[in-house]
Amino acid sequence: MDIEKKLGEKTKEALLFLYNASIEKITFEKTNPDFEGDLTLVVFNFLKISKKKPEETAAEIGNFLLANTPEVAGFNVIKGFLNIVISDAYWLSYLKSISGQPFINAELRADAPTVMIEYSSPNTNKPLHLGHVRNNLLGYSVAEILKAAGNKVIKTNLVNDRGIHICKSMLAWQKWGNGETPESCGMKGDHLVGKYYVEFDKHYKKEIEALISQGKSKEDAEKQAPLMLVAQEMLFKWEANDEKVRSLWLMMNNWVYAGFEATYNMLGVDFDKIYFESKTYLLGKNIIDEGLAKGILKRRSDNSVYIDLTADGLDEKTLLRADGTSVYMTQDLGTAVQRAEEEHFEKMIYTVANEQDYHFKVLFLTLKKLGYDWSAGLYHLSYGMVELPEGKMKSREGTVVDADELMQEMIDTAAATSKELGKAEGLSKEDSEKLYRTIGLGALKYFMLKVDPKKKMLFNPAESIDFNGNTAPFIQFNYVRIQALLRKAAEIPGLESTAPLVFPVNLMSKEKGLIIRLYNFNSILKEAASEYSPALIANYVYDLAKEFSQYYHDVPILKEEQKDLILFRLHLSKTIGTAIKASMKLLGIEVPERM
RNA sequence: GAUUCCAUAGCUCAGCUGGAUAGAGCACAAGUUUUCUAAACUUGCGGUCAUUGGUUCGAAUCCAAUUGGGAUCACCA
């Protein structure tokens, strides 16, 4: 049984017995490392019922717990803090109970809740950049965490494959591309299409400048620039199913998909279901009609349709233009309803940057007002943007950090560092390249996931991402040390023991600390799942690896003289290795066997 | 103007649901390897938790105001 739960119940008994009072909720904290003990009960809240001094109250409860709870080995009182020492026997029995168990139970109950999580959702007019990388890693990791916490997860991607931005790339390619293809120029398809998106912008800006110098306002110039007019015409043709435009669109989008696939593969993310906006952008209009019929939506005199959310502290939101065409919100309404009809889900998570907080507030509230019960399960996983030292990344100004380039740089750095340290000696070319990928991409993923998703994060291209300290390579390194120990142990004659493990009677403080960290895994996983925060897992696994690193440094394992102790320490190390690997998997990070 | 998010060491970040002397990593300084992989370990340096006020036995944490910064408030996506 969970030791905190048990102590909580015993404490309730103590309060009833000592002070004839019942308290609903008892919580314990980790004991401050400066004091002896494992769990601490703060008794200030109980002074009202005990009517005694803090020290006295704490001592009385401590004595009760000591007398009535076999797991409690002792206690000490400092001011209002009751520091409780849990017996080594309890921690050892806990370690025994998880022996050989996987840290994550993959088996799902038949009635496991279904969670749909949408992430990535790129535009198909340019390659992925660092902002997408955060989105992808976050979405993938949250999906893994939710799975591990016992949910059935459906990963989806809503690809924005139509719209004016795509037409801009198409038009520029048509005008200045000379028929070049990814094959002919050896460029990844998404990068090639992105090149023409930038090309469009370059010429477009010149046209605007020319118009402004002719005396037009900036606003008019942007609308009247010939290139923009042609791009818009292209969009109309696309919507009218014009054959030529459609086939150009299809060809260029396919280039992009091939490029994205390569990036996704390298990042290690995947999807169960991919939606395309070209197929969903017309959805939602019927919902508008229903909403109008119910009187929830209103029509303006110019025929446009809106919902009035001013009573909820938001604004009036237009849902259909005066000409009857949809806006972004319309198709988001439609897509949500379509998904709810296709799949039963308890939760649907949208992984989208926090610049769209307002959009999702409106979306969820509108669905609620339209009477969809399932809208209560919608959640916007709003994450902070990745910023550069000079501020926000801007694709058109070329200040973006390209995803493919960054990943390659990380792998190259990993390779250079590995060679420098002589870590890759004796590995085949294939194995060493796999190792560099594992380390380089691990460093990148950990760097992005260790930060609280809600907070914006800074990336400074001038400072390379670290491989030392609080990083994935450090965690991987400690996993590797454990595997090296286990390999060596297997070669030591006579060490292999088929007899049951003999656990020591007393634990070293580092050993106890490590077992307690293992014990904490489940509650951290639970919290990470309910907070949608891979950062909690990242911090956890770093702390575990760091504590192991200290243990490894201070305590002999294979060099220990007593065979029983060697086997015990190996067993503990192996269990820690399993926990590290499982935690890293939740972050989408692999661990190597040697490095 | 309205709404909203943020502010912790030189830098990047933990510290959520109020608890003991605010923690890591990087950087900087010094040390540790005939001993299981030194991408390591140890020690030192470094803080008015933006400011002010409030609630409380107790506030980095909750509330309010102020200052500074970001985002949003389109018949854009």
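With distances taken from any side-chain atom of A/Lys559 to the nucleotides B/rU37, B/rU35, B/rA39, the minimum falls on B/rU35. Across B/rU72, B/rU37, B/rA77, the shortest atom-to-atom separation from the side chain of A/Lys392 is found for B/rU72. You'll find that the side chain of A/Phe44 is closest to B/rG19, out of B/rG15, B/rG19, B/rA38.
Donor-acceptor pairing under 3.5 Å, judged by distance alone, is absent between the side chain of A/Thr318 and the base of B/rA74. The base of B/rU37 sits within donor-acceptor range of the side chain of A/Lys423, with an N or O pair under 3.5 Å.
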| task | Evaluate the salt bridge (Lys or Arg N to Asp or Glu O under 4.0 Å) criterion for residues A/Lys419 and A/Glu425: first the C-alpha distance (whole Å), next the side-chain angles of each, then the deciding distance (0.1 Å), finally the verdict. | result | CA-CA 8 Å; A/Lys419 282 172 192 156; A/Glu425 279 162 21; over 6 Å; no
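Within 4.0 Å of A/Glu527, counting heavy atoms only, lies at least one base atom of the nucleic acid.
Between the side chains of A/Tyr383 and A/Asn135, at least one donor N or O lies within less than 3.5 Å of an accepting N or O.
The aromatic ring centres of A/Phe35 and A/Phe81 sit 6.0 Å or more apart.
Regarding A/Phe459, its CZ atom lies at a distance of 15 Å from the C1' atom of B/rC11, rounded to whole Å. As rounded to whole Å, 15 Å separates atom P of B/rG19 from atom CG of A/Asn83.
Contact check, A/Lys79 against B/rG58: no side-chain N or O comes under 4.0 Å of OP1 or OP2. Between A/Ser549 and B/rC41, a side-chain N or O to OP1/OP2 separation shorter than 4.0 Å is present. For B/rA38, the OP1/OP2 oxygens have a side-chain nitrogen or oxygen of A/Arg481 closer than 4.0 Å. Here A/Gln550 reaches the OP1 or OP2 of B/rU42: one of its side-chain N or O atoms lies under 4.0 Å away.
The aromatic rings of A/Trp249 and A/Trp238 stand perpendicular to each other, their planes meeting at an angle above 60°, with 30° marking the opposite boundary. Taking the six-membered ring for Trp and thresholds of 30 and 60 degrees, A/Tyr350 and A/Phe364 have ring planes inclined between 30 and 60 degrees apart.
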With the criterion being N/O to N/O and under 3.5 Å, what pairs connect the protein with nucleotides 23-27 of chain B, and how long is each?
unit_1	atom_1	unit_2	atom_2	d
B/rA24	O2'	A/Tyr542	OH	3.4
B/rG25	O2'	A/Asn470	N	3.3

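Nucleotides of RNA chain B nearest to A/Thr31 and A/Lys361 differ in position, and the one nearer the 5' end is that of A/Lys361. Nearest-nucleotide assignment on RNA chain B puts the 5′-proximal partner with A/Leu536, out of A/Asp323 and A/Leu536.
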| remark: Pairing string of RNA chain B (Watson-Crick or G-U wobble, both atom distances under 3.5 Å; | = paired to other strand) is (((((((..((((.....[...)))).(((((.......))))).....(((((..]....))))))))))))....
